[in-house]
Every structure is written in structure tokens, then in C-alpha cells.
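For reference, the structure discussed in these notes is given below.
All residue numbers refer to positions in the sequence shown, counting from 1. Here the structure is a predicted model, which means the values were calculated and not measured.
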Amino acid sequence: MGYEERLQELLDELDLFQDWTERYEYIIGLGKQLPPLPEALKTDDILIKGCQSRVWLHTESRDGKLILAADSDSLITKGLIALFVRLLSGLPAEEVIKADMSKLDQTGLKDHLAPTRANALNSMAGQIKQAAARIPSGS
């Protein structure tokens, strides 16, 4: 399943909830399901810049695909990075680079987050795209 299909699946799931309290609980639940990043990987060089909370994003390449692992010291932020892991991890680097991250706005998240958290979404997306761009094509 590619980015567009994964995004549509997420949008369909979020549509099941009646209000934003339930959607936040769902997003926090996604963060709780995210495997914790080993402490040895939680280094300053993988911290996402521009996030109010501490968010670590570990990236690696396997057969030309971007593999993401992440963690945060905040439940809601961990849920937000979990969304990106769910949407993008395991996809070919070229697909991640081309993914239209503005389509995430269809979730309504940016409208219901504090401005600093909404900006964090942009920082997360940017750092993920940069990681994908570092993967040699055809690797």
C-alpha cells in the first residue's frame, strides 16, 4: 500500500470519530503503540528541530525503502510522529520524496493543534523528506 492509500485509510479511520477529543485519544493511542526507541539512539543529532517537545526520528534505508523509528517525550507528539511512521515507513524513498504532505491537512489536525504543534508537523515532514533524499536511488 502506497502513501495515498495509507492516507485515505487514516482519513477514513479519523472520520469514524464524532469529535476532536476522540480523535486526539486515537492519535495518542497510535503513539502508545509505537515501539519505544532504544535510549542509545536518542541522540541530539536525530532530534527534530522546531518541535516544542523532544522528538527523535531514526531513519535508515533497506532496499531503497525508508524505514522510520521514532519516539517523543510527549504523548500527543509521539502520536503525531506515529502518524508519519504509519504513512511513510517502508515506502520507496522516491515515493516519500514525492508524497504531497499537504494532503495531511485533510485530517484537520493543523486546525485543532496549538500553533507550535502544527509547526512541528511541518518540521517532521521536512526531516523525513530530507532522510528520503539521502537514500541513493536504486539502492
Side-chain angles (χ1 to χ4, degrees):
M1 189 178 329
Y3 171 71
E4 294 288 336
E5 294 86 3
R6 291 178 183 188
L7 178 61
Q8 189 57 55
E9 184 178 79
L10 174 66
L11 292 171
D12 291 345
E13 288 172 14
L14 288 173
D15 280 345
L16 296 174
F17 301 106
Q18 302 300 313
D19 62 38
W20 271 96
T21 302
E22 291 176 348
R23 290 179 182 170
Y24 282 131
E25 288 173 10
Y26 176 75
I27 292 167
I28 288 169
L30 288 177
K32 288 179 178 178
Q33 293 172 20
L34 198 62
L37 200 60
E39 290 299 318
L41 292 178
K42 291 182 179 180
T43 58
D44 288 347
D45 62 318
I46 67 165
L47 275 172
I48 294 181
K49 312 297 184 268
C51 291
Q52 185 176 1
S53 304
R54 292 166 48 102
V55 183
W56 297 270
L57 177 67
H58 175 74
T59 61
E60 60 184 81
S61 169
R62 262 187 236 145
D63 302 319
K65 295 182 177 174
L66 180 65
I67 308 301
L68 303 172
D71 209 341
S72 177
D73 60 3
S74 158
L75 285 176
I76 188 68
T77 308
K78 188 169 181 173
L80 295 174
I81 194 67
L83 289 175
F84 284 106
V85 171
R86 177 180 169 180
L87 290 171
L88 300 168
S89 188
L91 293 179
E94 296 87 22
E95 186 172 358
V96 174
I97 292 165
K98 293 177 185 172
D100 183 355
M101 298 294 189
S102 69
K103 289 186 176 184
L104 268 176
D105 292 347
Q106 295 173 34
T107 63
L109 273 172
K110 284 189 176 180
D111 298 332
H112 291 88
L113 290 171
T116 54
R117 288 234 186 338
N119 288 338
L121 287 174
N122 294 332
S123 297
M124 291 175 190
Q127 194 156 329
I128 292 168
K129 283 192 174 261
Q130 288 173 9
R134 287 191 298 268
I135 296 174
S137 55
S139 69

Quiz item: Got a salt bridge between Glu13 and Arg86, using NZ or NE/NH1/NH2 to carboxylate O under 4.0 Å?
Solution: yes
Quiz item: So, Lys65 and Glu95, do they make that salt bridge, N to O below 4.0 Å?
Solution: no
Quiz prompt | Test side-chain hydrogen bond (donor to acceptor under 3.5 Å, both in side chains) applied to Gln18 - qualifying residues, sequence neighbours left out | solution = none
Under 4.5 Å between any side-chain heavy atoms of [X] and [Y], yes or no?
X	Y	value
Val55	Leu47	no
Arg117	Ser74	yes
Ile128	Leu57	yes
Asp71	Ile81	no
Glu25	Ile28	no
Ile27	Leu109	yes
Tyr3	Met101	yes
Asp15	Arg23	yes

Practice problem: Quick one: which residue pairs count as a side-chain hydrogen bond (donor to acceptor under 3.5 Å, both in side chains) with a foot in residues 121-136, not counting sequence neighbours? | Solution: Lys110-Asn122
Practice problem: Please assess Met1 against Glu9 for the test side-chain contact (heavy atoms from CB on, under 4.5 Å), listing each intermediate value before the final yes or no. | Solution: CA-CA 10 Å; Met1 189 178 329; Glu9 184 178 79; 3.8 Å; yes
Quiz item: ring pair (Phe, Tyr, Trp, His ring centres under 6.0 Å): which pairs involve residues 42-87, sequence neighbours left out?
Solution: none
Path from [X] to [Y] over hydrophobic side-chain contacts below 4.5 Å:
X	Y	value
Leu34	Tyr26	yes
Leu30	Leu104	yes
Leu121	Ile97	no

When you measure from the side chain of [X] to the backbone of [Y], do you find a donor-acceptor pair of N or O atoms at a distance under 3.5 Å?
X	Y	answer
Ser72	Arg54	yes
Glu5	Gly2	yes
Ser89	Leu68	yes

Quiz prompt | Partner of Met124 under side chain to side chain contact (heavy atoms under 4.5 Å, CB included), chosen from Thr77, Val85, Leu83 | solution = Thr77
Quiz item: Taking all non-hydrogen atoms of both residues, which atom of Ala69 and which atom of Leu37 are closest, and how far apart?
Solution: CB-CD1, 3.7 Å
